[in-house]
**Q** 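Take this structure first; my questions come after.
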Amino acid sequence: DIKPGDYVVHQSHGIGMYAGIQRLEVQGATKDYLKVQYSGSDVLYVPVTQLDLLSRYTAPGDEEKVKLAKLGGAEWQRTRAKVKKATEEMAQELIELYARRRQATGYAFPPDGDWQRDFETRFDYDETDDQLNATAEIKQDMEKGWPMDRLLCGDVGVGKTEVALRAAFKCVMGGKQCAILAPTTLLAWQHYNTILSRMEAFPVKVEMMSRFRTAKQQKETLRGLQSGSVDIVVGTHRLLSKDVKFHDLGLVIIDEEQRFGVKHKEKLKENFIGVDMLTLSATPIPRTLNMAMSGIRDLSTIEQPPIERQPVETFVLEYNDVILAEAMKKELARGGQVYYLHNRVDNIEACAAHVSKLVPGARIGIAHGKMTEEELNPVWQHLLNGEIDILVCTTIIETGVDVPNVNTLIIENADYMGLAQLHQLRGRVGRTNKRAYAYFTFQRGKVLSEISQKRLDAIREFTQFGSGFRIAMRDLEIRGAGSILGASQSGHLANVGYDMYLQLLDEAVREERGEKDVHKEECLVDIKIDAYIPEDYISNQAQRVDCYRKIAKIQNDEDSTDVTDELIDRYGDPPKSVVGLIEVARLRNMASACNIVEISQMKNDLIFYLSKFDMEKIAALSDVYSNRLRLEPTGKGHIRVSLNKGEKPLDVMRTVITTMNKA
């Protein structure tokens with residue numbers, strides 16, 4: 001996701017500013033390069049086949065204070081070494097944490113039985129591949145002998161609940177109890193009703209603990225939990241109270257994890273030692289993202305939206321009665337309903353009266369968090385039955401009842417809300433195949449703070465499905481890296497950027513575990529071959545960069561085939577220059593495996609620079625090229641292969657690398 005003007009980090013050269021794609025002709029061959037501006041007038045041209053060496057610079061703090069590195073200076077290497085040392089220390093702590101978790105004794109659930117399969121086939125919709133993969137990963141964890149700690153990350157409305165219900169059902173089938181924690185009474189109520197309808201054909205006893213329950217009902221539920229007669233309990237943080245005791249708890253599912261405070265999370269860990277934990281999050285807050293990505297927790301993601309779902313059309317604008325009245329009338333004219341979000345309970349009635357004037361004849365309802373269950377229930381029922389046209393409400397709808405027919409959302413003073421919250425709220429509309437609209441408004445004439453401006457820009461920018469991850473990353477930039485790293489680590493993160501920090505941390509963790517080949521040699525390829533994506537093949541620059549990124553990540557024949565198939569599907573048969581690009585990327589990664597660090601061409605010679613000589617591999621090469629092979633082990637050790645007339649450099653490069661890999 002880089003665009004000109006963004007800061008980027010190059011593994012070997014440090015922080016620079018991306019200045020776009022530039023096409024250059026070198027030694028008669030045309031190639032695309034990414035132009036990166038460094039300190040002063042320094043410029044680096046990165047071949048597109050090496051796009052994987054670049055990452056977007058993401059770090060907390062003020063962008064104006066970002067210092068560009070100097071090309072060729074030793075400062076970046078010193079910074080990298082310092083951060084590497086810090087990540088090594090942290091890796092030791094992480095490994096100890098892994099070990100403690102693996103040593104804890106958990107319950108190994110039995111494999112799926114007939115009832116589990118029957119339960120899953122009763123799902124009304126077609127599962128996406130991501131849903132099936134996430135379900136399989138969770139079940140594997142549950143069947144292991146240590147406690148699961150998995151984060152299920154998926155955008156709003158991609159079907160996380162169904163995956164969680166399959167885990168809950170598996171838990172009950174294994175003879176254990178399951179607790180589902182939701183941050184709000186309303187969400188707990190929705191989950192409770194969903195579970196009742198999904199499991200009605202099975203002898204599963206489900207109860208709820210929240211303020212929607214009378215004292216008498218709560219007492220009965222507490223007794224049932226203690227005796228084991230209640231299989232699944234859904235509730236708010238009421239479930240963390242001292243009087244809640246389980247007969248045999250096997251699984252805790254936490255929905256909307258980012259809405260629970262630090263104290264609640266600590267309490268969860270204390271209360272449920274040795275119990276399997278599944279956490280659901282639509283926008284993982286940066287701290288959670290850190291933990292997941294740096295391997296402290298296991299992570300499953302659902303990115304595919306359900307079939308036929310369309311992204312929500314998003315507008316950020318000054319509050320304007322005429323535009324908003326038009327938007328509401330348009331929605332009602334097509335038989336839909338509207339959420340009008342006014343986040344002040346004290347004057348919400350006056351707001352509803354104002355909306356009524358804007359859209360005469362519309363049936364208006366009101367919902368807010370201070371209403372009791374008796375007051376709220378009929379409102380949701382009327383909304384679901386289509387008896388309310390416009391619901392004037394507070395953020396109570398954020399984790400609310402699913403109303404498929406509400407497809408226009410209007411938010412007043414959106415600049416006061418957090419990025420994750422805005423993304424969540426937008427997820428309340430567009431839950432069917434109908435096009436939905438979201439209007440994020442701020443007061444007329446108001447000068448927005450820099451942070452508010454960044455948030456609203458991000459929410460407008462990220463409308464595609466799967467944006468939850470990108471929103472969390474942008475949130476990280478705006479708010480900082482969270483406490484998992486501790487104050488000592490956040491400075492290191494700012495020095496090298498989030499991606500580079502995580503890469504170094506990942507390397508350090510793998511080294512600490514004793515894994516081999518952690519450091520893969522990068523191979524630089526510069527031969528006479530046209531390697532670029534022409535504009536008449538892919539005209540959109542962002543899409544071209546994305547394709548370059550996918551090509552740079554090719555590791556083997558399978559990846560190469562996948563990328564080629566995707567290009568053919570989306571843009572038609574790739575031209576010669578794109579085929580060359582894919583082949584160079586594939587061979588470059590194969591070259592790394594046999595210690596080749598650079599391949600260049602001088603007139604009619606191909607030169608292969610090696611980090612170390614393996615005489616067996618070189619002997620195999622001499623069998624193929626005998627009198628055309630020259631070995632120069634001194635200085636920057638290399639081998640030369642001279643080209644015959646009409647011989648293509650790419651063909652020779654392929655033969656050399658394949659021969660060395662087989663030897």
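Below, all heavy atoms of this structure are taken into account, side chains as well, without hydrogens, waters or symmetry copies. Small disclaimer: the values here were computed from a predicted structure and weren't measured.
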**Q** Is it true that Asn413 and His342 share a donor-acceptor pair across their side chains at a distance under 3.5 Å?
**A**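 Checked: His342/Asn413 side chains show no N/O donor-acceptor pair below 3.5 Å.
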**Q** Whether the side chain of Gln443 engages the backbone of Glu318 through a donor-acceptor N/O pair (distance < 3.5 Å, no angle test) should be reported.
**A**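 Not confirmed, Gln443 side chain does not pair with Glu318 backbone.
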**Q** Pick out which of Val234, Leu280, Val252, Thr236 makes a side chain to side chain contact (heavy atoms under 4.5 Å, CB included) with Leu181.
**A** Val252
**Q** Side-chain contact, heavy-atom cut-off 4.5 Å: Val163 with Ile138?
**A** yes
**Q** Using 30° and 60° as the class limits, which term best fits the ring planes of Phe315 and Tyr439: parallel, tilted or perpendicular?
**A** parallel
**Q** Donor-acceptor pair, distance only, cut-off 3.5 Å: does the side chain of Lys245 make one with the backbone of Lys242?
**A**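 Judged by distance alone, yes, a pair lies under 3.5 Å.
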**Q** Are side-chain N/O atoms of Ser241 and Arg238 paired as donor and acceptor at under 3.5 Å?
**A**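 Distance-only check passes for Ser241 and Arg238.
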**Q** Indicate yes or no for a side-chain donor-acceptor contact from Asn343 to the backbone of Thr394 under 3.5 Å, with no hydrogens or angles considered.
**A** no
**Q** Quick check: does any side chain N or O of Gln177 sit under 3.5 Å from a backbone N or O of His247, one acting as donor and the other as acceptor?
**A** yes
**Q** Is the distance between the ring centroids of Phe169 and Phe202 less than 6.0 Å?
**A** yes
**Q** In terms of heavy-atom contacts, does CG of Asp114 have more than 12 from other residues, nucleotides or ligands at under 6.0 Å?
**A** no
**Q** Decide if atom NZ of Lys446 counts as having more than 12 heavy atoms of other residues, nucleotides or ligands within a radius under 6.0 Å.
**A**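 More than 12 heavy atoms, drawn from other residues, nucleotides or ligands, come within 6.0 Å of this atom.
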**Q** Regarding Tyr437 and Arg426, do their side chains bring together a donor and an acceptor under 3.5 Å, going by distance alone?
**A**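 Checked: Tyr437/Arg426 side chains show no N/O donor-acceptor pair below 3.5 Å.
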**Q** Would you check if the side chain of Arg198 reaches a backbone N or O of Phe119 as a donor-acceptor pair within less than 3.5 Å?
**A**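 Pair found, side chain donor or acceptor close to backbone of Phe119.
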**Q** Hydrogens and angles aside, do Gln217 and Thr214 bring a side-chain donor and acceptor to less than 3.5 Å of each other?
**A** yes
**Q** How many angstroms lie between NZ in Lys434 and OG1 in Thr408, if you round to the nearest 0.5 Å?
**A**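 Nearest 0.5 Å value for the NZ-OG1 distance: 9.5 Å.
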**Q** Indicate whether any N or O donor in one side chain lies under 3.5 Å from an N or O acceptor in the other, for Glu162 and Tyr125.
**A** no
**Q** Do Ser300 and Glu137 have side-chain atoms, one donor and one acceptor, less than 3.5 Å apart?
**A** yes
**Q** Between the side chain of Asp141 and the main-chain N/O of Met148, is any donor-acceptor distance below 3.5 Å?
**A** no
**Q** Mind listing the side-chain donor-acceptor pairs of residues 349-359 below 3.5 Å, one per line with the distance, residues two or more places apart or on another chain?
**A**
residue, atom, partner, partner atom, Å
His354, NE2, Asp321, OD1, 3.2

**Q** Treating Asn320 as the side-chain partner and Val322 as the backbone partner, does any N or O pair qualify as donor plus acceptor under 3.5 Å?
**A**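 Side chain of Asn320 to backbone of Val322: a pair is present.
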**Q** Has the side chain of Glu313 got a donor or acceptor atom that lies under 3.5 Å from a matching backbone atom of Arg435?
**A**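 Absent.
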**Q** Would you find a donor on one side and an acceptor on the other, under 3.5 Å apart, between the side chain of Asn405 and the backbone of Gly335?
**A** yes
